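All of these numbers come straight from a predicted model, not from anything done at the bench. Only this structure's heavy atoms are used, side chains among them; waters, hydrogens and symmetry mates stay out. Positions are given from 1, in the same order as the sequence printed here.
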Amino acid sequence: MKFSYHWLRELVPFKESPAELAEFLTMRVFEVEGVEPRDSDWMLDIKVLPNRIADASGHIGMAREIAALKNVRIRKFIPVPNFGV
């Protein structure tokens, strides 16, 4: 599954670069299969195992996992719809 590095940074306070975050996740819980630039962002291709789909398949779930691993609080998330207008 592809995850936006910038979206994860908006949800969790961490200082790692995309490559460092990929290594951090790979060594602890999820295998990061690749990190690639996309426009002004980075996309992390994270292999989420079938037993973790329910809690880690979206950006908020992945952010919660990173926050738990780093022992920090997730930032308050207020969804803002973007209808492409």
Side-chain angles (χ1 to χ4, degrees):
M1 302 186 109
K2 303 267 183 168
F3 292 89
S4 165
Y5 172 77
H6 288 298
W7 283 9
L8 293 173
R9 289 242 357 216
E10 286 180 18
L11 296 170
V12 181
F14 61 83
K15 297 179 178 158
E16 286 83 3
S17 69
E20 292 170 337
L21 180 62
E23 183 179 347
F24 176 80
L25 290 172
T26 299
M27 292 298 148
R28 285 167 180 78
V29 66
F30 296 110
E31 181 181 346
V32 179
E33 296 178 333
V35 178
E36 59 188 46
R38 181 161 309 156
D39 299 326
S40 63
D41 197 0
W42 290 87
M43 299 305 288
L44 282 76
D45 188 4
I46 301 174
K47 184 176 181 181
V48 180
L49 297 174
N51 65 327
R52 298 298 308 271
I53 291 292
D55 65 328
S57 64
H59 279 81
I60 294 174
M62 188 59 65
R64 286 180 179 154
E65 189 69 32
I66 294 169
L69 290 169
K70 296 192 152 296
N71 198 25
V72 296
R73 289 182 169 254
I74 191 169
R75 292 184 178 132
K76 192 171 189 175
F77 176 70
I78 301 171
V80 178
N82 181 0
F83 298 110
V85 180

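One finds the CZ atom of Phe24 at 4.5 Å from the CG atom of Leu69 (value rounded to the nearest 0.5 Å). For the atom pair CE of Met1 and CD of Glu33, the computed distance is 12.0 Å after rounding to the nearest 0.5 Å. Here OG of Ser4 is found 7.5 Å from CD of Glu10. Values are rounded to the nearest 0.5 Å. Atoms CZ and CG, on Phe30 and Leu44 in that order, are 12.5 Å from each other to the nearest 0.5 Å. The CG atom of Asp55 sits 9.0 Å away from atom CE of Met62, with the distance rounded to the nearest 0.5 Å. Rounding to the nearest 0.5 angstrom, the gap separating the OH atom in Tyr5 from the CD atom in Glu36 is 15.5 Å.
The hydrophobic clustering, which links ILVMFWY residues whose side-chain heavy atoms are closer than 4.5 Å, places Val29 and Ile53 together. The hydrophobic cluster containing Leu21 does not contain Met27, counting ILVMFWY residues as joined when their side-chain heavy atoms lie under 4.5 angstrom apart, directly or transitively.
Atom CD of Glu23 sits in a sparse spot, with 12 or fewer heavy atoms from other residues, nucleotides or ligands closer than 6.0 Å. Around CZ of Arg52, the count of heavy atoms belonging to other residues, nucleotides or ligands within 6.0 Å exceeds 12.
The residues Lys15 and Glu20 are annotated as not salt-bridged, no charged nitrogen and carboxylate oxygen being separated by less than 4.0 angstrom.
Side-chain contact between Val48 and Phe3: present, with at least one pair of heavy atoms (C-beta onward) separated by less than 4.5 Å. Lys2 is listed as a side-chain neighbour of Asp45, based on a closest heavy-atom distance under 4.5 Å.
Arg28 places no side-chain N or O within 3.5 Å of a backbone atom of Ile66 that could act as its donor or acceptor partner. In this structure, Asp41 contributes its side chain and His6 its backbone to a donor-acceptor pair below 3.5 Å.
The two residues Ile74 and Ala63 have their closest heavy-atom pair at CD1-CB, 3.8 Å.
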(request) Could you go through the side chain to side chain contact (heavy atoms under 4.5 Å, CB included) check for Leu8 and Phe14 one step at a time? (result) CA-CA 9 Å; Leu8 293 173; Phe14 61 83; 4.3 Å; yes
